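This report concerns only the one structure given below.
Order of listing sets the numbers, starting from 1, for every ligand and every atom in it. Owing to the predicted nature of the structure, the values given are computational and were not obtained by experimental measurement.
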Amino acid sequence: MIDETPQAALAAANRILAHENVLDAFGHVSVRHPEKPDHFYLSRSLAPELVKDDDIVEFDLTSQPVGPCDVPLYSERVIHGAIYRARPDVNAICHHHAAAVLPFCLAHDLRLRVVTQLGATMGSDIPMWDQRDKFGATNHLVTRAEEAASLAGCLGSHSMVLMKRHGATVVGKDLRELAFRSIYSCRDAELQLRALAHGPIDVFTPDEIALAGKFPEATLSRAWALWRSRLG
Ligand code: MN
């Protein structure tokens with residue numbers, strides 16, 4: 001990946017996250033421009049599993065394409081620009097509606113908790129954003145700059161934010177950390193639901209999440225290499 005263009009790495013991340021059931025026909029993943037921190041890359045409007053290098057479009061932080069662009073774009077791309085503006089430490093973002101996390105965006109008394117060491121990548125106290133709180137009745141798509149800024153504010157310094165009746169948005173320092181966090185948060189969500197079918201469950205404490213949540217580059221690379229190999 002070292003010699004890879006950002007467009008090629010992002011296309012691979014799209015296909016990995018689709019293959020691992022984080023993204024389906026919808027949802028999207030972006031990466032900050034490595035030389036221009038006020039720009040980012042995101043695919044044109046396309047199912048992530050189908051994204052190739054030349055589908056990638058460059059955007060500014062108002063989420064408008066840089067230069068002429070005559071292809072359809074994701075309506076929720078404002079999420080990406082708003083978070084890159086608010087979080088200089090974030091270099092990759094995934095917005096998804098994975099079935100694994102949706103129950104935690106729907107059930108009133110269900111909180112997404114860390115239940116495994118790998119799930120500690122989520123961090124403690126995952127915030128919940130409800131578009132209805134500030135914007136009333138909407139179509140539940142985040143398409144306006146003020147909606148995206150509100151979501152970025154709720155994310156704060158966390159690693160992911162759940163979105164009521166909608167999905168989740170996950171951030172990372174790079175595409176490998178983002179893929180790891182997106183995939184293992186879905187795994188922990190699935191495991192938690194399965195375990196809850198058998199009664200009350202045990203979860204990681206905040207201290208344990210802090211201890212377990214520091215993953216070395218070798219761990220992130222090992223997982224990325226596996227997921228990448230599955231693309232064929
Ligand atoms: Mn969405």
Side-chain angles (χ1 to χ4, degrees), residues 10-11 13-32 40-51 55-57 59 61-65 71-87 90-107 110 112 122 126-156 158-172 175 178-179 181-190:
L10 180 58
N14 270 269
R15 299 196 299 275
I16 285 171
L17 289 166
H19 200 261
E20 302 301 324
N21 296 318
V22 175
L23 303 171
D24 57 1
F26 302 97
H28 22 86
V29 52
S30 70
V31 68
R32 195 189 290 270
F40 67 91
Y41 290 112
L42 176 71
S43 173
R44 69 186 174 95
S45 181
L46 200 61
E49 195 159 352
L50 305 179
V51 169
D55 296 311
I56 304 297
V57 179
F59 295 86
L61 294 193
T62 66
S63 301
Q64 291 304 308
V71 292
L73 301 174
Y74 293 126
S75 65
E76 293 192 295
R77 65 186 183 278
V78 289
I79 291 172
H80 299 263
I83 292 175
Y84 288 125
R85 272 205 306 276
R87 288 282 300 274
V90 165
N91 295 307
I93 300 170
C94 176
H95 169 63
H96 68 77
H97 321 111
V101 302
L102 254 296
F104 297 89
C105 307
L106 302 174
L110 193 57
L112 181 58
M122 288 188 280
I126 296 153
M128 174 72 75
W129 183 70
D130 190 341
Q131 192 165 358
R132 186 185 286 161
D133 286 346
K134 192 167 172 191
F135 302 100
T138 68
N139 64 0
H140 284 60
L141 291 171
V142 180
T143 57
R144 294 189 289 150
E146 54 270 39
E147 292 166 339
S150 170
L151 175 66
C154 184
L155 170 69
H158 292 267
S159 296
M160 66 183 287
V161 56
L162 294 175
M163 302 159 73
K164 203 83 185 164
R165 302 172 300 279
H166 182 160
T169 300
V170 184
V171 302
L175 285 171
L178 178 74
R181 183 167 285 149
S182 300
I183 291 165
Y184 279 110
S185 52
C186 286
R187 297 267 167 87
D188 254 33
E190 288 166 358

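- Near-neighbour remark for the Mn ion (ligand 1): protein N, O or S atoms under 2.8 Å are Glu76 OE1, His95 NE2, His97 NE2, His166 NE2; waters not counted.
- Remark: Asp130 pairs with Arg165 by the salt bridge (charged side-chain N to carboxylate O under 4.0 Å, His left out) rule, at least two apart or across chains.
- Between His28 and His96, the ring center distance fails the sub-6.0 Å criterion.
- Between Val142 and Gln131 the shortest heavy-atom distance is CG2-OE1, 4.0 Å.
- Partners of Phe104 under the ring-ring contact (aromatic ring centres under 6.0 Å, His included) rule, at least two apart in sequence or in another chain, do not exist in this structure.
- Nearest heavy-atom pair, Ser30 versus Tyr84, reported as atom, atom and distance to 0.1 Å: OG-OH, 2.7 Å.
- Residues forming a salt bridge (charged side-chain N to carboxylate O under 4.0 Å, His left out) with Arg181 (at least two apart in sequence, or on another chain): Glu177.
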